[in-house]
Amino acid sequence: MKRLGIVCKWIDTPDQIESVKPKDDAKKYNTATTTVAWLSRQKREVAEERLWQIMEQNISSIGLLISRVGDLEPEMRMVRLSSEVFPCYTEPAWRYFWFRPDVRAYAEKHLLPVGDIARAKGVRLSFHPGPFTVLASDRPAIVELSIQEMEYHADIVRWLGFGKTFQDFKINIHISGKRGPDGVRQNYGRLSPEARNCLTIENEEMTYGLDQCLGLSDIVPIVLDIHHHWTREGEYIQASDPRISRIIDSWRGVRPVIHYSVSREEHLVGHASDRLPAHDALISSGLNKQKLRAHSDFYWNTAVNSWALSHWQWADIMCECKSKNLGTRQLWQQAKNAGLISQ
DNA sequence: GAGGGTCAAGTCCGT
DNA sequence: ACGGACTTGACCCTC
């Protein structure tokens, strides 16, 4: 099955890109969170009560989200879960809460049925820990926190009943740190088996591009972000490119996932929506890479969409647009119109 | 309820 | 030095 994925959030209308209001129906599909600052201002009892309530609410919301995604057309049954399922899990002041036996017992009991929904409905799941997760950092303390962050995600994966086989669930991060690919390689061995089963590495727009990521392809699958690659190299990489077969090999038989986003339309003033933007012309017109990085709300350029869909033959496509499921459906519709979806 | 300030964390680029 | 981009815009508080 070929899939297009949805990232982290469910919305019903474009105005919810900004924010989902408390009484919006979409609220129930999305995770709640809190802040360290707010928790620290409360009495311990109040703070713990809030964390417990968020735990219950978020287990419910990811269950509803996965279930809803599982009712979509088969080609859209893929969703990235927000990292905020259990907020402050790796925050030193509140970590103790999440390691309380009663909290873990609750998580274990109630997350497994959520994972069962995903398995029953064929929903492909993933996480994308935040940019603070830097296994290749040259600062040892950051590496420690990053391993904790990976293990936080791995705990949830395990409770959901995944992480048992290679890439039954994806936890994707960047290289990012000064130690580069070797830093990832060295710390890879410190991860739990479940975290290692899930780990993938994605190419960045600025620092570590596809070629450097491919240096890790013997231990970890490579997630190609085609927009990052375009931003960094100015190249519309083609499915026939030899590097693609190296990426496919890194997934060892599992269908790869790539990421697809497009630059914001307002940064490409007056650009036709049916032509591929020319990277060199944009840069020489004074647009910097910073501007090219920012993700659009919708998939406004049909030519870029067609190029992205040309990769669908070999990979599932995670749709990183601000309009979330609305943008995923937009791309799905273009795929259907192009005859890429049967019936 | 709306609006504005605040929010754990790394790393980079551009001003 | 600092804002903003990536990662999840949501929460909290005041009016």
Side-chain angles (χ1 to χ4, degrees), chain A residues 6-11 15-24 26-27 29-42 46-47 50-51 53-54 57-58 61-62 65 79-95 98 126-150 152-153 156 171-180 183-184 202-209 223 225 227-228 231-232 259 261 263-264 267 283 286-297 318 320-325:
Chain A
I6 295 164
V7 280
C8 301
K9 182 176 156 185
W10 183 273
I11 64 174
D15 64 286
Q16 290 173 335
I17 295 170
E18 196 66 32
S19 73
V20 176
K21 300 284 188 291
K23 46 172 210 180
D24 291 344
K27 194 75 184 174
Y29 302 108
N30 295 308
T31 51
T33 190
T34 185
T35 62
V36 174
W38 183 85
L39 291 173
S40 71
R41 289 196 294 266
Q42 315 305 311
V46 174
R50 176 70 180 136
L51 286 173
Q53 189 250 325
I54 289 175
Q57 184 177 334
N58 286 351
S61 58
I62 64 170
L65 176 66
V79 65
R80 177 190 300 170
L81 301 180
S82 164
S83 292
E84 298 201 294
V85 182
F86 296 159
C88 306
Y89 195 96
T90 58
E91 162 63 29
W94 298 103
R95 192 168 165 71
W98 297 108
S126 62
F127 273 130
H128 196 340
F132 316 105
T133 314
V134 187
L135 290 177
S137 177
D138 55 348
R139 298 157 57 190
I142 302 306
V143 172
E144 295 310 309
L145 288 172
S146 298
I147 290 173
Q148 272 190 24
E149 192 66 17
M150 281 297 300
Y152 153 55
H153 289 84
I156 298 181
I171 304 179
N172 177 63
I173 61 172
H174 301 276
I175 297 173
S176 192
K178 287 206 171 61
R179 295 186 65 205
V184 174
E202 175 187 355
N203 61 306
E204 300 157 38
E205 307 99 312
M206 298 289 185
T207 314
Y208 299 104
V223 169
D225 186 312
H227 183 250
H228 288 176
T231 304
R232 191 176 190 273
H259 291 178
S261 56
S263 304
R264 295 193 69 81
H267 293 337
I283 295 292
L287 205 58
N288 59 37
K289 286 192 180 182
Q290 204 87 320
K291 281 276 203 290
L292 292 180
R293 290 179 85 175
H295 294 175
S296 66
D297 291 349
M318 189 51 90
E320 295 184 320
C321 56
K322 299 291 184 190
S323 62
K324 309 301 180 189
N325 53 298

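- Considering only heavy atoms from C-beta on, S146(A) comes within 4.5 Å of T133(A) through its side chain.
- OP1 or OP2 of dG9(C) has at least one side-chain nitrogen or oxygen of K324(A) nearer than 4.0 Å.
- The shortest distance between the side-chain N/O atoms of K178(A) and the OP1/OP2 oxygens of dC12(B) is below 4.0 Å.
- Checking dA2(B), dC12(C), dG10(B) against every side-chain atom of K21(A), the shortest atom distance belongs to dA2(B).
- Taking the P atoms as reference points, dG10(B) lies 23 Å from dC11(C), given to the whole Å.
- Residue S137(A) has its side chain nearest to dG10(B) when only dC12(B), dC12(C), dG10(B) are considered.
- Within the nucleic acid shown, T90(A) comes within 4.0 Å of at least one base atom, counting heavy atoms only.
- Residue L39(A) contributes atom CG, which lies 14 Å from atom C1' of dA10(C) at whole-angstrom precision.
- No side-chain heavy atom of S82(A) sits less than 4.5 Å from a side-chain heavy atom of K9(A).
- Among the heavy atoms of the strands lying under 4.0 Å from I142(A) are primed sugar atoms or P, OP1, OP2 only; no base atom is included.
- Between the C1' atom of dA8(B) and the CG atom of L51(A) lies a distance of 13 Å, rounded to the nearest Å.
- Among the protein residues, V7(A) comes within range of no part of the nucleic acid, since none of its heavy atoms lies under 4.0 Å from any strand.
- Residue contacts for E320(A): at a heavy-atom cut-off of 4.0 Å it reaches the sugar-phosphate backbone alone, with no base atom in range.
- Rounded to a whole Å, the CZ atom of R139(A) is 11 Å from the P atom of dC12(B).
- When the nearest nucleotides of DNA chain C are assigned to C8(A) and W38(A) by heavy-atom distance, the more 5′-ward of the two goes with C8(A).
- Residue-level contact check: H228(A) touches neither bases nor backbone, having no heavy atom under 4.0 Å from any strand.
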- Query: Please walk me through it: do L39(A) and E91(A) pass side-chain contact (heavy atoms from CB on, under 4.5 Å)?
  - Reply: CA-CA 11 Å; L39(A) 291 173; E91(A) 162 63 29; over 6 Å; no
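- Set against dC11(C), dA8(B), dC6(C), the side chain of T33(A) has dC11(C) as its closest nucleotide.
- For H227(A), no side-chain nitrogen or oxygen approaches OP1 or OP2 of dC6(C) to under 4.0 Å.
- Nucleic acid contact class of E149(A) (heavy atoms, under 4.0 Å, all strands): base.
- Phosphate contact (OP1/OP2 of dA5(C), side-chain N/O of R264(A), threshold under 4.0 Å): absent.
- Using the six-membered ring where Trp is involved, H153(A) and F127(A) have ring planes that are perpendicular, over 60° apart on the 30 and 60° scheme.
- Heavy atoms of R95(A) sit nowhere under 4.0 angstrom from any nucleic acid atom.
- Rounded to a whole angstrom, the distance from the P atom of dG4(B) to that of dC6(C) is 22 Å.
- Rounded to a whole angstrom, the distance from the P atom of dC12(C) to that of dA8(B) is 11 Å.
- One atom, CG of N58(A), and another, C1' of dA10(C), lie 11 Å apart when rounded to the nearest Å.
- At the phosphate of dA10(C), OP1 or OP2 sits under 4.0 Å from a side-chain N or O atom of K9(A).
- Checking dC6(C) for Watson-Crick or G-U wobble geometry (two distances, each under 3.5 Å) identifies dG10(B) as its partner.
- The side chain of K27(A) places an N or O atom within less than 4.0 Å of a non-bridging phosphate oxygen (OP1 or OP2) of dC11(C).
- Between T133(A) and dG10(B), a side-chain N or O to OP1/OP2 separation shorter than 4.0 Å is absent.
- Side-chain atoms of P87(A) and T31(A), non-hydrogen and from C-beta on, never get closer than 4.5 Å to each other.
- Taking atom CE of residue M206(A) and atom C1' of nucleotide dG10(B), one finds them 15 Å apart after rounding to whole Å.
- Between E18(A) atom CD and dG4(B) atom P the separation is 12 Å, expressed in whole Å.
- Look at F132(A) and the base of dA9(B); the rings stack, centres closer than 5.5 Å and planes less than 30° apart.
- Across dG3(C) and dG5(B), the matching P atoms stand 13 Å from one another, rounded to whole Å.
- OP1 or OP2 of dC12(C) sits under 4.0 Å from a side-chain N or O of T34(A).
- One P atom belongs to dT7(C), the other to dC2(C), and the distance between them is 25 Å to the nearest Å.
- In this structure, T35(A) reaches the sugar-phosphate backbone alone: every heavy-atom distance under 4.0 Å involves primed, P, OP1 or OP2 atoms, never a base.
- dT8(C) and dA2(B) have their P atoms separated by 27 Å, given to the nearest Å.
- One interatomic measurement links the two molecules: CZ of R179(A) to P of dC12(B), which rounds to 14 Å at whole-angstrom precision.
- The partner of dG4(B) is dC12(C), by the rule that a Watson-Crick or G-U pair needs both atom distances under 3.5 Å.
- The structure places NE2 of H227(A) at 11.5 Å from CG of N203(A), a figure rounded to the nearest 0.5 Å.
- Across all strands shown, A32(A) has heavy atoms under 4.0 Å from sugar-phosphate atoms exclusively, and none from any base.
- For E18(A), the CD atom counts as loosely surrounded, since its 6.0 Å shell holds 12 or fewer non-hydrogen atoms of other residues, nucleotides or ligands.
- As a whole-Å value, the separation of Q53(A) CD from dC11(C) C1' is 13 Å.
- Proximity of K324(A) to Q16(A): side-chain heavy atoms (C-beta onward) are nowhere separated by under 4.5 Å.
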